[in-house]
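Notes to accompany the following structure.
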Number of protein chains: 2
Amino acid sequence: MLMQSDASGYDIKQQFEKLFSYFYNASYGTIYPTLSRMEREGLITKENLVQTGKPNKNIYTITEKGKEAFRRYLESDIQEVEIKSDFMTRLYFGGLAEPELVHRWLESTIRSTEQSLARLQAEYEVSQPRISPTQLLCLKIGMTNMENILKNLQEGLAQLSRMKEEGAGPA
Amino acid sequence: MLMQSDASGYDIKQQFEKLFSYFYNASYGTIYPTLSRMEREGLITKENLVQTGKPNKNIYTITEKGKEAFRRYLESDIQEVEIKSDFMTRLYFGGLAEPELVHRWLESTIRSTEQSLARLQAEYEVSQPRISPTQLLCLKIGMTNMENILKNLQEGLAQLSRMKEEGAGPA
DNA sequence: ACTCTCATGTAATGGGTTACATGATTTA
DNA sequence: TAAATCATGTAACCCATTACATGAGAGT
């Protein structure tokens, strides 16, 4: 992020909270110690910004050495994606749960996915004119991905409902 | 997994390696200590199976107390999905990299996604008749999801190629 | 009066991987 | 003869979160 603009630990966390969190995230407990370490290693420099009405900020700026490290990162191998989905894990073992319960899982996941999608779409509307083509691609991947998941979940819900009716219906 | 059938640590790892790994994974360094802990806590019992030609196995079986713990888990809140995608992170900062490099990232991600999709489709073909409806739904979500990502990546690649040509073409 | 935003940082704790250690049998 | 499969387990290490500690100003 410091390649794009100088920022404080707080600013960085804010960026994570937006679109970024859909594919990477970090807490303050990671961000602040990492910035300290990077400063010690000469990858970034710190400058204290005195603010009135607000607490002071530590603004970090990337150094030439830091830019080199970033370039080396870009040329390293891509790490495999890591996913931990409690919902999918439960769904996998859904046959061992009450159909009622599975129903509720699907409904609540549909709701939260709809909310995430809405947030991404809002982000898309405001950011669309001023972000880079690859950032736009990130947003597009995120949005169509969620739309797709939603469709699947809704179909799955309808299917399970049909099965429940058949099971509960007259013999 | 022990709710479905008795298994050894090795068997459990095998299951993770299949379909399961798309939404959850664990290494032996997690599996074996966890099984020991669960046995200590009375959630599962261990039985040594003597094999000829192969090393002996520790077969674990879930206890009534373990089944209760599983039921409590099913009724607990669903944890939010966690994703760490190096590819998406790079793509987000793709504007800071050579277009050549971004091109290669997209191509290699397309290749590996195609492979994952092929593996899921193969798994679907063989498993389809004998797995539960929710497990089928898991597979379907995984497959259409990857198909969707592939489509996005291919479109993105085409788009970036067009931009490169325009940028490199005659003024 | 209360809560939220801004802002930084550390300590305790938890969770997990990787590498190491071992070893027989089967397959290429 | 090399390597892959089957099989278990521990120790060192890494990474990260959560909770704690602090504190002013702005909004409800």
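Within every chain, numbering begins at 1; the chains are lettered A, B, ... in the order of the sequence lines, protein sequences first and strands thereafter. Nothing here was measured: the structure is a model prediction, and the numbers come from that model.
Between the NZ atom of B:Lys57 and the C1' atom of D:dT8 there is a distance of 12 Å, rounded to whole Å. Whole-Å rounding puts the A:Tyr32 OH to D:dT18 C1' distance at 16 Å. A straight line from CD of B:Glu80 to P of D:dT18 spans 11 Å, rounded to a whole angstrom. Atom-to-atom, CG of B:Asn48 to C1' of D:dA7 comes out at 11 Å; the value is rounded to the nearest Å. When the C1' atom of D:dC6 is taken as reference, atom CD1 of B:Ile12 falls 16 Å away, rounded to whole Å. Rounded to whole angstrom, the span from the CG atom of B:Leu35 across to the P atom of D:dG9 amounts to 8 Å. In this structure, NZ of B:Lys84 is placed 13 Å from C1' of C:dG15, rounded to the nearest angstrom. As a whole-Å value, the separation of B:Arg37 CZ from D:dT10 P is 14 Å.
Comparing atom distances between the A:Tyr10 side chain and each of C:dT5, C:dG9, C:dG16 picks out C:dT5 as nearest. Of the listed nucleotides (C:dC6, D:dA16, C:dT8), C:dC6 has the atom at the smallest distance from the side chain of A:Gln14. For B:Tyr60, taking side-chain heavy atoms from C-beta onward, the closest of the listed nucleotides D:dC6, C:dT10, D:dG9 is D:dG9.
The shortest distance between the side-chain N/O atoms of B:Gln51 and the OP1/OP2 oxygens of D:dA7 is below 4.0 Å. The phosphate of D:dT17 (OP1 or OP2) has no side-chain N or O of A:Asn25 nearer than 4.0 angstrom. Listed pair A:Thr30 / D:dT17 meets the phosphate criterion, a side-chain N or O lying under 4.0 Å from OP1 or OP2. Contact check, B:Asn56 against D:dC6: no side-chain N or O comes under 4.0 Å of OP1 or OP2.
Comparing A:Ser36 and A:Lys54, the nucleotide of DNA chain C nearest to each residue sits closer to the 5' end for A:Lys54. A residue-by-residue look at A:Lys46 and A:Pro55 shows that A:Pro55 has its nearest nucleotide of DNA chain C further toward the 5' end.
Between B:Asp11 and B:Ser8, the side chains place a donor N or O and an acceptor N or O closer than 3.5 Å (distance only, hydrogens not considered).
At a threshold of 4.0 angstrom between heavy atoms, the contacts of A:Gly29 include nucleobase atoms, whether or not backbone atoms are also involved. Residue B:Ser8 is classed as a sugar-phosphate contact, given heavy-atom separations below 4.0 Å to backbone atoms only.
Ring geometry for A:Tyr28 against A:Tyr10 counts as parallel: the plane angle stays under 30°, on a 0 to 90° scale with 60° as the upper cut.
Aromatic rings of B:Tyr32 and B:Tyr60 (six-membered ring for Trp) have centroids beyond the 6.0 Å cut-off, not under it. In summary, the aromatic rings of A:Phe16 and B:Tyr92 are positioned with their centroids too far apart to meet the 6.0 Å limit.
Comment: A:Arg162 does not engage A:Glu155 in a salt bridge, judged by the lack of any side-chain N to carboxylate O separation of less than 4.0 angstrom.
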